[in-house]
Undergrad: 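Can you keep this structure in mind? I'll have questions shortly.
Note that ligands are numbered from 1 as they come in the structure, with each ligand's atoms numbered from 1 the same way. Note that these values count all heavy atoms, side chains included, but never hydrogens, waters or copies made by symmetry.
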Amino acid sequence: MNITYVSTRDKSNTATASEAILQGLAKDGGLYVPTEVPRLDVPLQTLAGMDYRQIAYEVMKLYLTDYTPEELKGCINAAYDAKFDVPEIASLREADGAYYLELFHGKTIAFKDMALSILPHLMITAARKNHITDDIVILTATSGDTGKAALAGFADVEGTRIIVFYPKDGVSDIQKRQMVTQTGDNTFVVGIDGNFDEAQTGVKKMFNDAALNERIHEAGFRFSSANSINIGRLVPQIVYYVASYARLLSNGVIRDGEEINVTVPTGNFGNILAAYYAKEMGLPVHKLICASNENKVLYDFFSTGTYDRNRDFVLTSSPSMDILISSNLERLIYRVCGDDDGKNLALMTALSTGGKYEITDEMKKGLADFYGNFATEEETAAEIRRLYEKAGYVIDTHTAVASAVYGKYRAQTGDDAVTVIASTASPYKFTRSVMQAIGRDDAAKSDMELTDDLHAITGVTIPPAIEEIRQAPVRHKTTCAVDEMESVVRDFLGIS
Ligand SMILES: *Cc1c(COP(=O)(O)O)cnc(C)c1O
């Protein structure tokens with residue numbers, strides 16, 4: 001079966017998988033969605049006997065139908081190799097009755113590596129297939145983790161450039177160091193005087209600016225996006241939910257067909273949307289538990305049916321979730337309004353003009369698979385301490401938000417089904433917050449010194465990604481105001 005992708009804002013804008021991957025965002029500002037979600041065509045028992053790459057192929061072949069089997073396998077093999085420091089690629093760890101799906105064993109120790117290790121390969125393959133000769137310019141706004149993962153994925157990939165904007169004061173010390181030390185002649189990292197939403201809005205504006213696009217095309221470039229709106233990000237993320245189910249099955253934790261719950265610490269709504277697609281494909285999933293930090297727009301949305309971004313933006317200890325506009329939610333909205341592009345466009349227009357929209361009762365019924373809640377800063381820290389003291393397992397702040405929300409879900413519902421919690425970052429990426437939570441912070445020490453302390457206390461190996469940036473020189477010093485983003489891009493590309 002061939003899958004076609006359509007824009008959520010105008011269904012007459014269609015694309016093949018490879019075209020959608022190249023474009024990122026549709027021309028009308030909408031997101032590409034498959035006209036139908038394919039069903040898994042291999043029995044769960046068979047998947048249980050496969051390794052990560054084999055499962056990746058079985059899932060991704062259903063979505064990327066214009067890639068040949070050889071092309072797709074080539075991309076998968078290039079991505080999921082020894083870059084990951086565990087053979088399972090994504091490993092499961094049981095602690096206090098829940099299963100933590102560790103998605104941080106790649107190059108930059110956060111879950112974005114799961115998709116961004118493969119995206120450059122999917123994109124270069126797509127360019128070849130579509131006879132594109134322009135260099136691809138990846139334009140990305142990051143709340144911390146996407147930036148580094150995209151930089152690591154695209155660095156020195158021939159035929160590509162990558163430009164990353166991050167909120168200058170909205171990422172952790174270690175996140176910032178990871179980005180500004182990035183090597184590769186085709187990389188460019190810029191700190192902006194603004195928050196993540198402003199960075200993301202600025203990037204979207206450039207994507208939609210016809211004159212700018214024309215100008216860069218003349219110079220031999222074309223924009224594409226590595227943000228989680230790209231279906232080339234979304235599809236690889238479905239894989240690890242299927243793989244975790246397969247592992248639970250092969251380890252005898254669950255029976256064939258038994259439903260599990262999935263809990264996801266959520267920001268831009270990409271990771272949990274992948275879990276939703278996995279469920280729609282036939283993976284036995286009961287609830288999709290959407291965990292927010294104090295920027296609890298999604299919790300309010302799931303409780304009331306009103307999405308309202310008009311509120312103060314809170315800087316939390318889980319910065320990759322400090323987001324007020326969860327872009328990928330649009331794909332779910334499109335779905336629950338019955339694939340109605342007109343209705344979706346009206347809601348998204350309301351969001352961009354007035355900052356809010358309300359869905360109908362009929363649409364609310366489509367959200368029954370989801371449970372939303374949030375964790376405060378205190379609850380997040382308490383969860384890190386609790387799990388460490390009870391199970392000797394150290395989790396990062398984002399995972400802790402999810403873990404705390406799962407605790408609330410269980411207390412409220414009594415549902416004790418096997419539950420997978422997406423563990424989205426290594427505790428070494430947010431060392432100070434983690435040390436504060438377990439009562440071992442020392443304000444006089446640098447983050448790097450605390451890294452050694454965390455290692456001494458927990459015995460967890462310090463990931464190579466952290467060792468590497470200790471000595472690496474700073475290569476990117478550019479900063480700019482929000483309204484200077486375009487001129488920074490023009491300068492980097494050498495166009496007037
Ligand atoms: C990006 C990120 C998230 C949020 O994921 P979304 O797909 O944006 O919802 C959560 N935790 C960490 C560590 C992240 O990097």
Side-chain angles (χ1 to χ4, degrees), residues 31 90 100-116 119 140-152 164 166-167 170-172 174-175 178-179 196-197 199-200 225-231 233-238 240-241 262-278 288-293 295-299 301 316-332 370 372 374-375 380 384 395-405 421-431 433-434 463 465:
L31 278 56
Y100 292 81
L101 175 59
E102 296 187 348
L103 303 172
F104 55 75
H105 289 286
K107 264 194 176 165
T108 72
I109 59 176
F111 99 96
K112 309 274 191 312
D113 288 331
M114 300 304 300
L116 283 164
L119 183 69
T140 294
T142 184
S143 55
D145 291 335
T146 303
K148 178 60 188 185
L151 287 162
V164 169
Y166 69 95
V171 299
S172 82
I174 289 183
Q175 285 178 315
Q178 280 188 309
M179 288 192 281
F196 168 72
D197 285 326
Q200 178 152 274
S225 144
N227 269 47
S228 64
I229 48 173
N230 192 311
I231 61 122
R233 285 277 302 277
L234 196 55
V235 170
Q237 292 178 174
I238 303 171
Y240 46 75
Y241 291 109
V262 173
T263 308
V264 185
T266 298
N268 223 1
F269 210 76
N271 200 1
I272 195 164
L273 187 76
Y276 173 73
Y277 278 122
L288 300 157
I289 301 167
C290 175
S292 301
N293 66 20
N295 294 294
K296 58 183 184 58
V297 197
L298 287 166
Y299 164 65
F301 171 68
T316 72
S317 59
S318 44
S320 303
M321 299 160 67
D322 290 344
I323 287 173
L324 293 181
I325 302 177
S326 300
S327 304
N328 265 297
L329 184 66
E330 179 170 345
R331 288 189 163 107
L332 180 64
F370 290 87
F374 72 103
T380 303
I384 295 175
I395 54 176
D396 96 292
T397 45
H398 303 75
T399 310
V401 168
S403 195
V405 164
I421 296 176
S423 181
T424 50
S426 159
Y428 283 108
K429 199 150 189 175
F430 300 94
T431 316
S433 300
V434 170

Undergrad: Are the side chain of Ser326 and the backbone N or O of Gly267 linked by a donor-acceptor pair below 3.5 Å?
TA: yes
Undergrad: Taking distance alone, with no angle check, do Asn271 and ligand 1 share an N/O pair under 3.5 Å?
TA: yes
Undergrad: Residue-level breakdown please: for Lys112 versus ligand 1, do any non-hydrogen atoms fall below 4.0 Å on the side chain, on the backbone, on both, or on neither?
TA: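 The answer is the side chain of Lys112.
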Undergrad: Provide the number and element of each atom of ligand 1 under 4.0 Å from a heavy atom of Thr424.
TA: 10 (C), 11 (N), 12 (C), 13 (C)
Undergrad: N/O to N/O below 3.5 Å, does that happen between Gly267 and ligand 1?
TA: yes
Undergrad: Short question: side chain of His398, backbone of Ser320 - any donor-acceptor pair under 3.5 Å?
TA: yes
Undergrad: Which of the atoms in ligand 1, numbered in the order shown and given with their element, are less than 4.0 Å from a heavy-atom of Ala425?
TA: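 This gives 13 (C) as the contact atoms.
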Undergrad: What residue and heavy atom of the protein are closest to atom 10 (C) of ligand 1, and at what distance?
TA: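 Going atom by atom, the protein heavy atom closest to atom 10 (C) of ligand 1 ends up being Pro265 O, 3.5 Å.
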Undergrad: What atoms of ligand 1 come within less than 4.0 Å of a heavy atom belonging to Thr266?
TA: 9 (O)
Undergrad: What part of Phe111, side chain from CB on, backbone N/CA/C/O, both or neither, has a heavy atom under 4.0 Å from ligand 1?
TA: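 For Phe111, the contact with ligand 1 is made by the side chain alone.
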Undergrad: Return the closest protein heavy atom for atom 6 (P) of ligand 1 as residue, atom name and distance.
TA: Asn268 N, 3.5 Å
Undergrad: Look only at the side chain of Thr399 and the backbone of Thr424, and say whether a donor-acceptor pair between them is shorter than 3.5 Å.
TA: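 Answer holds: yes.
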Undergrad: Hey, which atoms in ligand 1 end up nearer than 4.0 Å to a heavy atom of Gly270?
TA: 6 (P), 7 (O), 9 (O)
Undergrad: Ignoring angles and geometry beyond distance, decide whether Ile323 reaches within less than 3.5 Å of ligand 1 through its nitrogen or oxygen atoms.
TA: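 N/O-N/O distance under 3.5 Å: no.
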Undergrad: Evaluate the ring planes of Phe374 and Tyr299, with Trp represented by its six-membered ring, and classify them as parallel (under 30°), tilted (30 to 60°) or perpendicular (over 60°).
TA: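 Ring orientation of Phe374 relative to Tyr299: tilted.
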Undergrad: Is there a donor in the side chain of Gln200 and an acceptor in the side chain of Ser327, or the other way round, less than 3.5 Å apart?
TA: yes
Undergrad: Are Phe370 and Tyr276, when compared by the centres of their aromatic rings, separated by less than 6.0 Å?
TA: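 Yes, close enough.
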Undergrad: Can you see which heavy atom on Asn268 is nearest to which on Ile323, and at what distance?
TA: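 Closest pair (atom of Asn268, atom of Ile323, distance): N-CD1, 3.6 Å.
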Undergrad: Any nitrogen or oxygen of Asp396, main chain or side chain, under 3.5 Å from a nitrogen or oxygen of ligand 1?
TA: no
Undergrad: If only atom types and distance count, is the side chain of Asp396 paired as donor or acceptor with the main-chain N or O of Phe430 below 3.5 Å?
TA: no
Undergrad: Do Asp113 side-chain atoms and Ala149 backbone N/O form a donor-acceptor pair below 3.5 Å?
TA: no
Undergrad: Identify, by atom number and element, the atoms of ligand 1 in contact range of Phe269, meaning under 4.0 Å from any of its heavy atoms.
TA: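 Close to Phe269: 6 (P), 8 (O), 9 (O).
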Undergrad: Any nitrogen or oxygen of Ala110, side chain or backbone, less than 3.5 Å from one on ligand 1?
TA: no
